[in-house]
Every structure is written in structure tokens, then in C-alpha cells.
Amino acid sequence: AGLFILGHGFPGRLPPDLRAFGDGAAASFRNRPCGAGGCVFGDRAFGGEAVLWGDSHAHALAPGLVRFAAARGLRLRELSLNGCVPLPGIERLRPDDLRIRPCTDFNRAALGTILRGGDVRLVILQAWWETAPRLVDADIRPGITRGVVAALDGLLRTLAARNIAVLLVGDVPAFPDSPLHCLGRQALLGRPAAPGCTVLPLAAAASESGAADAMLSAAARRFANTRAYFPRAVLCGRDGCHAVLRQRLLYSDTHHLSPFGADLVGAALGAALRGWP
């Protein structure tokens, strides 16, 4: 293990095109999520802010939202913490989770930052929604509890009272294996790239995120200031959900977008919500 660390993984064992492939995909995780203080992107002369609030999935999406915000005359402020779904109060449902305290403190501080900032025009919530308490409430949908729905509704009511528009971004499809690692194994074995490395069946994507997507869609219907967008609209086609487009990786691992993937989703989001908010 020490030799591989010192040798930076011995990248020479892989073909040059695959090494370049991986370098581009990993770029988004060479810096850390921004925490409750936030990172600000875009022209500081803009008169307002769009706040991206979420976990590491939101952090991976951030590069693709800078132009989305700028097209609306807004700076982008990222508030992100790994493993922390942006739902204040949800921690009460996970008394056994060791991440509760940092997540509780982060969400409280993030909401305070938004409510104190008089120039916040839009809040974008994005996360690995399926990791919000994996409990089952048969009266809602498998995997989504009443508490999760109530926490989201409470947050949306709070933001609506401040006339802040809210964009709920659904999760990206998750692959069972890292597309880059899968392609690398095939290359090392001298085999052509297997379709399973980079294409996820639609049924698999739907079964993973269906309950969370239904929750976000229903919330967007209940609140006039809220819209929902699902990245699968651009990441998936009739033949499945893709990890590679135009010879470039859309993912940096099994479930985080690469910078190229984030740009693709951001552009599609801008086109889908042209003129809003």
C-alpha cells in the first residue's frame, strides 16, 4: 500500500487516454465541500445570490450552476457538508447516527446564513436524497418517512415566507461500480469496454430514486415558489442512464458528477427553467 501511495497509484500501468479520462473526472474532488460559511462563485457585483445547499452531491454539481446563476444576475454561494441532507430537524429520526451533531449544526447555520442574507433570491437544494433516513413509512412510500416529508415542507414554508424561490434538484442515477474503475479493469485485461461499465438500466435508476423523486415532485406542486428538476432528464436516454458522453466521463465515482457532468446538468437545467425565477 505504501509503495502505491508513493507511486501515486503507478498511473503508467494504464493507457494514456484512460489516465486523461480519470484526471478530468476526479477534478471536482480536489477541493473540500464549503461548509456553513460557504464558497462564493461568480461576479460579486451581482445584486443577489443563488444559494446551493446540500451534501457532497451538491458540491459536485456546483461547477455546473455558476453560469445558471449568472444568467439570472446572481452570484452562486455553495453551502455543503458531506453526508448531510439539507433538511433541518431531520436528525431527530436518526438517533443512532454518529453524523447527527455536525449535520445538525451545519443545517442550522446554513439556514441562518440564508435567512440573514437579504440578497438571497434563490435556494437550490440538492443531495443524495435516498440517504435521508432509510426507514419505511407505508403511508408515504418505501424509503421516505413522514418526518422527511414534514421537514422538507417546513423548510419550504420558511423560505416561501421570505419570498425566496426554491429549486429542488433530484439525485443523479447511481452506478453499482465506478465507471472509471470498470473501464480501467477492462483495459488492463485487454478487453473492449463492456456496456455495463457505462450504462445503467432505467429500471435500476428508477428503483433507487423513485421514492425521493416522488417526494420532490409532490413538494413542488404544493408550493408556488418551488420547482423540481431531475438530472436523469439529460443523463438518461431510452437505452439507459449514461456515464460517458462524447468520450468524456459524466461521473467521478459511482454517484458523484464530474465537472463535465455538472456542466451538462447545469446547461440542461438552464434550458428547462428558462425565465425562472
Tell me whether [Y] is reachable from [X] by hopping between hydrophobic residues (I, L, V, M, F, W, Y) whose side-chain heavy atoms are closer than 4.5 Å.
| X | Y | result |
| --- | --- | --- |
| Phe46 | Phe41 | no |
| Val199 | Leu202 | no |
| Val149 | Val85 | yes |

If we ignore hydrogens and angles and just use 3.5 Å, is the side chain of [X] paired with the main-chain N or O of [Y] as donor and acceptor?
| X | Y | result |
| --- | --- | --- |
| Asp55 | Trp128 | yes |
| Arg232 | Cys241 | no |
| Asp119 | Gly47 | no |
| Arg75 | Gly42 | no |
| Arg72 | Phe68 | yes |
| Tyr251 | Pro173 | yes |
| His57 | His255 | yes |
| Thr198 | Val244 | no |
| Glu78 | Val40 | no |
| Ser56 | His59 | no |

I'd like to check [X] versus [Y] (side-chain heavy atoms, cut-off strictly below 4.5 Å). Are they in contact?
| X | Y | value |
| --- | --- | --- |
| Cys197 | Pro179 | no |
| Leu168 | Leu152 | yes |
| Val120 | Arg77 | no |
| Leu115 | Thr158 | yes |

Residues Leu250, Val265; criterion side-chain contact (heavy atoms from CB on, under 4.5 Å); working and verdict: CA-CA 10 Å; Leu250 299 173; Val265 171; over 6 Å; no

Pair Leu79, Ile114 - check side-chain contact (heavy atoms from CB on, under 4.5 Å), show working. CA-CA 10 Å; Leu79 307 174; Ile114 291 167; 4.2 Å; yes

Can you list the residues that meet the salt bridge (Lys or Arg N to Asp or Glu O under 4.0 Å) rule with Arg222, with sequence neighbours excluded?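 For Arg222, the residues satisfying salt bridge (Lys or Arg N to Asp or Glu O under 4.0 Å) (neighbours in sequence not counted) are Asp153.
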
Checking Asp213 against Trp129 for the side-chain contact (heavy atoms from CB on, under 4.5 Å) test, could you report, in this order, the C-alpha distance in whole Å, the side-chain angles of both residues, the deciding distance, and whether it holds? CA-CA 9 Å; Asp213 289 353; Trp129 298 105; 5.9 Å; no

Which atom pairs, donor and acceptor, lie under 3.5 Å between side-chain atoms of residues 233-240 and protein residues at least two apart or in another chain?
unit_1 : atom_1 : unit_2 : atom_2 : d
Asp239 : OD1    : His242 : NE2    : 2.9
Asp239 : OD2    : His242 : NE2    : 3.4

Let me see the working for Leu155 and Val123 under side-chain contact (heavy atoms from CB on, under 4.5 Å), right down to the final yes or no. CA-CA 11 Å; Leu155 176 58; Val123 170; over 6 Å; no

